[in-house]
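A note on names: the letters A, B, ... follow the listed sequences, proteins ahead of strands, and every chain is numbered from 1.
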2 protein chains.
Amino acid sequence: MASLSETHDALTKRLTDTGLRATPQREVVFKVILEKRDHPTADEIFARVKAQMPTISLATVYNCLETLVQNGLVRQVNFDRAPTRYCPNLHEHAHFHDETTGAVHDIDVPAEVMVKLRELLPHGYDACAIELSFRGAAGVRRNFAQN
Amino acid sequence: MASLSETHDALTKRLTDTGLRATPQREVVFKVILEKRDHPTADEIFARVKAQMPTISLATVYNCLETLVQNGLVRQVNFDRAPTRYCPNLHEHAHFHDETTGAVHDIDVPAEVMVKLRELLPHGYDACAIELSFRGAAGVRRNFAQN
DNA sequence: CAGTTTGTTTAGAATTATTCTAATTCCTTC
DNA sequence: GAAGGAATTAGAATAATTCTAAACAAACTG
């Protein structure tokens, strides 16, 4: 996995390329999302960021998240009407929402499956985004590491 | 397609089976969703229902929608943070959200594709629901009937 | 049937995630 | 170091939805 300083550079580059600034607020919001990849909500991100930067405001967190999303540095994930969650995994993937624990897990989707899905669309339909999500229970307890 | 009176009977049966009542409000909300299958929001349903039953309240529309959903008579569809939409198509299917017109189209998903999707889940993950949605533009204008 | 219970509707208040507003602060560049 | 644009901030505003408590309606019960 890319180191934090690498991703930090990526942030700076991606932002300055679009004429935006790599502010401390944007950096810390990004860092927090990379650090604990548990698909936090804006509120949770706010709480974590506040620990390092007590003066930041919730509005700023929302602003930062918006710029990060617009610049393709994090991804937004929505489940039903629940608060939006944020995900640093930029590879094509689906999400599994564990209803019993509330946890969200990334699910790998092979490119060929994505192609298959795209083929479901009638002629003339052009999808710029495909969202696939599962809801259920990750019931079985295993002995080896969990994600 | 099932006639309206058939589906009306289905509504009555499904509700009374769970000890609920087939009230005029529930009936008209259900009818409105079946009549124009354009994935309306609660607000839109409220407006349409009001034309036939001017005294109904928005809260009741929400209540009715909740019971209809809980009893498997209509399906809820969410796109990002947009208002929830309601869909009378109970077959397994995906949705295409046309960003230019705001329209929502049903997309057929063959059973074998659903099986493939379910196979993406690691052992121990049990999905009770799979949501697949496309976002984009249905750009090509065609001469024949559109859905 | 009269009375009670249970389920349903209703209007309006409350909630909650998010966005907006307007003022202030911060960089960057002349 | 002043000007101008970008970003942050606190708090107000918004919008979809849910909650609350009262009124209503239908269904049981004796």
Worksheet entry | Residue-level proximity of residues 9-33 of chain A to DNA chain C when a heavy atom falls under 4.0 Å | R21(A)
Worksheet entry | Test item: D80(A) side-chain N/O and A82(A) main-chain N/O as donor-acceptor pair under 3.5 Å | no
Discussion item. In the structure I gave you, are the side-chain heavy atoms of D106(A) and C87(A) within less than 4.5 Å of one another anywhere?
Written reply: yes
Item to complete: For residues H95(A) and R75(A), determine if any side-chain heavy atom of one lies less than 4.5 Å from a side-chain heavy atom of the other.
Response: yes
Discussion item. When you compare the side chain of R85(A) with that of T41(A), does any pair of heavy atoms fall below 4.5 Å?
Written reply: yes
Worksheet item: How about F79(A) and V104(A): do any of their side-chain heavy atoms sit closer than 4.5 Å?
Response: yes
Worksheet entry | DNA chain C contacts among residues 62-80 of chain A, heavy-atom distance under 4.0 Å | Y62(A)
Worksheet item: Is the shortest side-chain N to carboxylate O distance from K31(B) to E27(B) below 4.0 Å?
Response: no
Fill in: Test side-chain contact (heavy atoms from CB on, under 4.5 Å) applied to P40(B) - qualifying residues, sequence neighbours left out
D38(B), E44(B), I45(B), R48(B)
Item to complete: Write down the atom of A137(B), the atom of D98(B), and the distance for their closest heavy-atom approach.
Response: CA-OD1, 3.9 Å
Worksheet item: Given dT17(D), is OP1 or OP2 found less than 4.0 Å from the side-chain N or O atoms of T84(B)?
Response: yes
Worksheet item: Is the side chain of R21(B) donor-acceptor paired with the backbone N or O of T12(B) at a distance under 3.5 Å, no angle test?
Response: no
Worksheet item: Restricting to pairs with a member in residues 126-136 of chain B, which pass side chain to side chain donor-acceptor pair (under 3.5 Å), not counting sequence neighbours?
Response: E99(B)-R135(B)
Worksheet item: In residues 39-59 of chain B, which residues come under 4.0 Å of DNA chain C by heavy atom?
Response: T55(B), I56(B), S57(B), A59(B)
Worksheet item: Hey, where on DNA chain C does chain B first and last touch, going 5' to 3'? Cut-off is any atom under 4.0 Å from a heavy atom.
Response: dT6(C) to dT18(C)
Fill in: Side chains of L65(B) and I33(B) in contact at under 4.5 Å (non-hydrogen atoms)
yes
Practice prompt. For the residue pair V49(A) and Q25(A), establish whether any side-chain heavy-atom pair is separated by less than 4.5 Å.
Written response: no
